[in-house]
Amino acid sequence: MEISKAQRQFFTRNLMSWHHTDNDRNLPWKSEKDPYKIWLSEIILQQTRALQGLPYYQRFTESYPTIRHLAQAPDEEVFRIWQGLGYYNRCKNMLATARHIAEELKGKFPSSYDEILALKGIGPYTAAAISSFAYGLPHAVVDGNVYRVLARYFGIDTATDSTEGKKLFHQLAGDLLHNQDSAAYNQAIMDLGAMVCTPQKPDCENCPLQKHCIAYHKGIISLLPVKTKKLVVKTRYFHYLLLTNNDKLWIHKRAEQDIWENLFEPLLIETSDEVDDITATDQFKRLKLNEGLEYIGKAKQRLTHQLIHFSFYRLHYQPANHPLPKDGIWVPLKELNNYGFPKTIVSFLEKIFYF
Ligand code: SF4
């Protein structure tokens with residue numbers, strides 16, 4: 001596809017000029033030069049909106065002002081602070097990377113793109129962001145915002161999730177980069193995508209790129225960017241039994257290889273279909289936990305690839321009639337705050353037990 005030099009120059013010049021005069025997006029990690037804090041913000045913001053990530057960034061930087069502080073923190077404590085952000089593998093990788101840097105690299109964050117890319121949990125986007133924001137290296141970030149701005153402005157209908165599309169957009173992003181100020185350029189294109197060229201109802205009237213924007217002039221904004229893969233969402237049914245005994249709740253740590261790895265949860269029975277009567281399920285019968293069972297409510301949570309339907313039940317535990325799985329612990333209700341739980345579960349527990 002043919003893109004003229006004039007069209008490219010207009011793009012970079014006007015984007016930079018908008019950034020210096022009209023970009024009023026204010027986030028605490030903007031203009032940050034400490035690679036540790038930039039890395040923290042980027043890890044938190046993967047799959048998370050900036051406003052949602054903001055309090056987490058503040059809590060992490062206050063609790064762990066340096067990478068050594070984070071590396072020395074106990075897993076449970078870090079997972080508790082992370083609670084609610086989802087995608088717990090990010091947290092696990094973040095801890096592994098902090099410990100690797102603290103122990104193997106003497107606490108010094110790597111300063112080249114390739115070394116940064118080699119760290120656990122860091123892909124090309126995050127490596128480009130850290131290299132340019134912390135060290136001014138000429139690497140262009142390419143995320144969802146960037147795909148959208150470039151696809152619309154240049155009128156590109158190649159699918160962004162195809163091999164050809166990824167190559168094309170990365171090449172173009174690199175060509176457009178303002179080499180003298182890669183940090184400002186990267187910030188500008190991300191902010192324009194987040195604030196002006198938004199997925200729905202972009203603010204074209206106030207866009208610095210409007211004059212030469214192909215999607216705007218052809219009236220094809222809603223058709224771009226193009227994606228080939230359709231998201232497949234799996235539906236799951238989680239039935240939680242809040243087993244209490246003398247102001248204690250039975251919980252256990254979730255196993256690996258599933259969502260919410262390393263977080264805690266009450267006793268779970270999962271079914272592949274919706275069930276009218278949970279006590280009739282095989283798993284429930286096996287546990288013999290039906291005497292005095294009380295249904296207390298339901299909830300729903302949408303993850304990127306999963307839709308979880310929750311139902312919650314409460315039962316006062318009678319040791320005589322049902323052995324529990326061995327991996328659980330009884331935790332005093334007032335100490336539940338010390339454990340990390342998935343977002344929906346913690347909201348429910350807070351409501352029921354007021355901790
Ligand atoms: S003119 Fe509209 S569609 Fe084009 S880049 Fe600007 S905001 Fe996006």
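When reading the values below, keep in mind they use all heavy atoms of this one structure, side chains included, and skip hydrogens, waters and symmetry mates. Every number for a ligand or one of its atoms is a count from 1 in the order of the listing. Index from 1, following the sequence.
- Taking 2.8 Å as the threshold, Cys207 does not count as a candidate ligand of atom 4 (Fe) of ligand 1, since none of its N, O or S atoms lies below it.
- Ring pair Tyr57/Trp29: centre-to-centre distance below 6.0 Å.
- Here the two rings, on Tyr153 and Phe11, have centers that are under 6.0 Å apart.
- Donor-acceptor pairing under 3.5 Å is lacking for the side chains of His100 and Thr97.
- Atom 2 (Fe) of ligand 1 has its closest protein heavy atom at Cys204 SG, 2.3 Å.
- In summary, Cys197 places no N/O/S atom under 2.8 Å from atom 2 (Fe) of ligand 1, failing the contact criterion.
- Aromatic pair Phe79/Phe264: ring centres not closer than 6.0 Å.
- Of all atoms in ligand 1, listed by their number and element, those nearer than 4.0 Å to a heavy atom of Cys213 are 1 (S), 3 (S), 4 (Fe), 5 (S).
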